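Right, one structure below, let's go through it.
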Amino acid sequence: MKKSPLQIARATYQPKLPAVFKSSIAMNEGSATQSVANQEEIKALFPNTYGMPIIKFTEGASKSYPTMAVGVILSGGQAPGGHNVISGLFDGLKKLNPDNKLYGFLGGPSGLTDHKYIELTSDIINEYRNTGGFDIIGSGRTKLEEESQFEAGEKICKELGIKAIVIIGGDDSNTNACVLAEYYKRKKSGIQVIGCPKTIDGDLKNDMIETSFGFDTACKVYSELIGNIQRDANSAKKYWHFIRLMGRSASHITLECALQSQPNICIVSEEVEAKNMTLNDIVDDIIKVIVNRAEHGLNFGTILIPEGLIEFIPAMKKLIAELNDLLANNDEFNSLNTDDEKRQYVKAKLSNDSRLVYSDLPKGIAKQLTLDRDPHGNVQVSLIETEKMLIEMVAKRLAAMKAQGSYKGKFSAIHHFFGYEGRCAVPSNFDADYCYSLGYTASVLIAEGKTGYMSSVRNLTEPAEKWIAGGVPITMMMNMERRNGVMKPVIQKALVRLDGAPFKYFEAHRIEWANEDASYVYPGPIQYYGPSEVCDQPTRTLLLEHGKKI
Ligand code: FBP
């Protein structure tokens, strides 16, 4: 396979590790933990893995570990750095004992249940070091929740002598990892399960998991593109660019990109929800900025829109929740043939309020809300073209204002959606190092016999050698939520906090960014080689959350 010069150069990059891994390791256990909410319910559901202590690795006396085999699974959407988690895991296992083996289950969790796997040898691993993508073993969104799946997984683990499974995934996949860990521990099957925090969305984080991997690289890629568009907008001075950014629920990606590029408008879903805003309120806010800029002769600009927006508009949220319950395993609905029949069926079953909201939506958007859910029961928001809907609504309103004489500008809009462009990018130095460290940490957690833990690497705004490695019990991150019409234990998603430093910074600057001509920042492409302030900066979000200046 032909390789680019960057690929060749990156293959030789040695990711940095926390200093503790240079020596032999001791495992320090803290005191018992609790889940973030619904403690009694979570404890009852996870009697064998609830309350375990937080683990921190420190320097210790040298130890030897018996030979072991480990299986690894990539789960859910791609995120830059997945290959480095696997190479860190591989190198960690080999350092513990050169006879250790690593198997990769193919195509996501279904590889475990369908017994599709390969042994990951150093030849294979070396081809994928520091590369983007999940193609080394592939990924998938199969949900691991049935006992028959757990049993099928146990069978193949026993056949291959696998001691532990590492699940690299987002909140839903790590919830599954926790359920699987509990099941195997209850059964005393001897198979351990360890999770790794992956998702570009950045919403799998807490005090112990400072960020999910992939967020850094993806935001840098999108911010480069936004900066380029802003330079174009500022040169041509004739287009408004409506840019939707991935991030199924939380607006972390959109906010981080705003902090990096300083657009004229940035919508934050969590604020929309907190202020109980309607779609019309959002349009009003956009109109104010467009009209104000037009009065100063600036008929151009940029608007960042989070992918998950639609689910955070309170009336829409209620509608989607009703649709989720209504459409879960609904054979009657699925047997209807035409869009019109489906629309009428849904309208007849909704509450009065939701029926009104549903009826008012552009037909295309209404239809998208009733399309298939992903295996975790989520609406596939990446398919909902909110940016086009907003352009349509804004254009209509401006045309009416023009007719009345209250708007004299020109409005010409272009829409963009950035998501897949960033999910498989070559990992930034931060993600390359962080992911490698997460994988390496997972190998030690396994050797120490741990299960139901997520690999944790903290202190991330400091240089890598000062990072703190260890494990966090997954039950600690859980609460009860309604999914597919029933209450389930799930990892609590971390949404943008309106009292958090990243949002506060944005709030303090947004008026200036909306109106001033020269506020745009052009971040440029990710740099892999060069001065540290250009190559090794973590995200603005992480810096602000750690009390650092940006
Ligand atoms: P994960 O939560 O699995 O990391 O996936 C995140 C994401 O990239 C979202 O931002 C987006 O809404 C979704 O995946 C798209 O899913 P798909 O890859 O199935 O199109």
Side-chain angles (χ1 to χ4, degrees), residues 73-83 85 107-110 132-135 137-144 167-177 195-205 209 211-223 225 243-257 269-270 304-312 320 324 368-369 371-387 416-425 427 431 434-435 438 454 477 481 483 490-496 539 541:
I73 298 172
L74 288 165
S75 181
Q78 284 69 249
H83 289 160
V85 179
S110 63
F134 276 9
D135 41 318
I137 47 174
S139 185
R141 289 197 185 275
T142 300
K143 197 169 161 58
L144 289 177
I167 299 185
I168 303 172
D171 52 340
D172 286 330
S173 310
N174 274 285
T175 295
N176 291 172
C196 276
K198 170 237 69 165
T199 178
I200 60 161
D201 293 2
D203 55 7
L204 174 46
K205 65 173 171 181
I209 303 293
T211 187
S212 55
F213 80 76
F215 176 69
D216 184 270
T217 310
C219 289
K220 284 174 178 160
V221 171
Y222 306 143
S223 298
L225 298 174
I243 306 167
R244 176 166 55 110
L245 292 153
M246 244 187 197
R248 186 172 40 213
S249 273
S251 306
H252 297 293
I253 293 181
T254 302
L255 181 58
E256 171 63 24
C257 291
S269 304
E270 290 81 347
L304 305 191
I305 304 157
E307 180 181 68
L309 175 63
I310 206 99
E311 284 192 281
F312 282 77
I320 291 171
N324 284 347
Q368 279 162 340
L369 290 180
L371 291 179
D372 284 349
R373 273 36 184 168
D374 75 7
H376 299 276
N378 302 306
V379 176
Q380 301 198 46
V381 281
S382 61
L383 303 177
I384 301 176
E385 296 172 316
T386 339
E387 69 285 21
H416 312 262
F417 170 44
F418 298 145
Y420 301 99
E421 293 79 352
R423 295 203 314 183
C424 284
D431 269 330
Y434 180 44
C435 291
L438 284 171
M454 191 180 289
M477 306 170 199
E481 284 176 27
R483 294 286 170 92
V490 292
I491 292 178
Q492 193 177 58
K493 256 191 208 306
L495 301 178
V496 169
T539 56
T541 303

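Atoms within a ligand are numbered from 1 in the order they appear, just like the ligands themselves. These numbers were taken from a predicted model, which means no experiment stands behind them. Positions are given from 1, in the same order as the sequence printed here.
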Do [X] and [Y] have side chains that get closer than 4.5 Å, going by heavy atoms?
X	Y	answer
Met477	Gln492	no
Tyr420	Gln78	no
Leu255	Glu270	no

Would you check if there is a donor-acceptor pair between the side chains of Thr217 and Asp431 at a distance under 3.5 Å?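 Yes, because at least one side-chain N or O of Asp431 sits under 3.5 Å from a partner of the opposite role on Thr217.
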Can you tell me if Ser212 and Thr199 form a side-chain donor-acceptor pair at under 3.5 Å?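 Judged by distance alone, the side chains do not pair up.
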Once you restrict both partners to nitrogen or oxygen, which atoms of ligand 1 have a protein partner under 3.5 Å, and how far apart are they?
{"from": "ligand 1", "atom 1": "2 (O)", "to": "Arg248", "atom 2": "NH2", "distance (Å)": "3.3"}
{"from": "ligand 1", "atom 1": "3 (O)", "to": "Gly77", "atom 2": "N", "distance (Å)": "2.8"}
{"from": "ligand 1", "atom 1": "3 (O)", "to": "Arg141", "atom 2": "NH1", "distance (Å)": "2.9"}
{"from": "ligand 1", "atom 1": "3 (O)", "to": "Lys198", "atom 2": "NZ", "distance (Å)": "3.1"}
{"from": "ligand 1", "atom 1": "4 (O)", "to": "Lys198", "atom 2": "NZ", "distance (Å)": "3.0"}
{"from": "ligand 1", "atom 1": "4 (O)", "to": "Thr199", "atom 2": "OG1", "distance (Å)": "2.8"}
{"from": "ligand 1", "atom 1": "5 (O)", "to": "Arg141", "atom 2": "NH2", "distance (Å)": "3.3"}
{"from": "ligand 1", "atom 1": "8 (O)", "to": "Arg423", "atom 2": "NH1", "distance (Å)": "2.9"}
{"from": "ligand 1", "atom 1": "10 (O)", "to": "Asp201", "atom 2": "OD1", "distance (Å)": "2.6"}
{"from": "ligand 1", "atom 1": "10 (O)", "to": "Asp201", "atom 2": "OD2", "distance (Å)": "3.4"}
{"from": "ligand 1", "atom 1": "10 (O)", "to": "Gly247", "atom 2": "N", "distance (Å)": "3.2"}
{"from": "ligand 1", "atom 1": "12 (O)", "to": "Glu307", "atom 2": "OE1", "distance (Å)": "2.7"}
{"from": "ligand 1", "atom 1": "14 (O)", "to": "Arg141", "atom 2": "NH2", "distance (Å)": "2.9"}
{"from": "ligand 1", "atom 1": "14 (O)", "to": "Arg423", "atom 2": "NH1", "distance (Å)": "3.2"}
{"from": "ligand 1", "atom 1": "16 (O)", "to": "Arg141", "atom 2": "NH2", "distance (Å)": "3.0"}
{"from": "ligand 1", "atom 1": "18 (O)", "to": "Arg423", "atom 2": "NH1", "distance (Å)": "2.9"}
{"from": "ligand 1", "atom 1": "18 (O)", "to": "Arg423", "atom 2": "NH2", "distance (Å)": "2.9"}
{"from": "ligand 1", "atom 1": "19 (O)", "to": "Arg141", "atom 2": "NE", "distance (Å)": "3.1"}
{"from": "ligand 1", "atom 1": "20 (O)", "to": "Tyr420", "atom 2": "OH", "distance (Å)": "2.5"}

Set of residues satisfying side-chain contact (heavy atoms from CB on, under 4.5 Å) with respect to Thr539, sequence neighbours excluded: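 Counting only residues at least two positions away or on another chain, Thr539 forms a side-chain contact (heavy atoms from CB on, under 4.5 Å) with Phe215, Asp216, Glu256, Thr541, Leu542.
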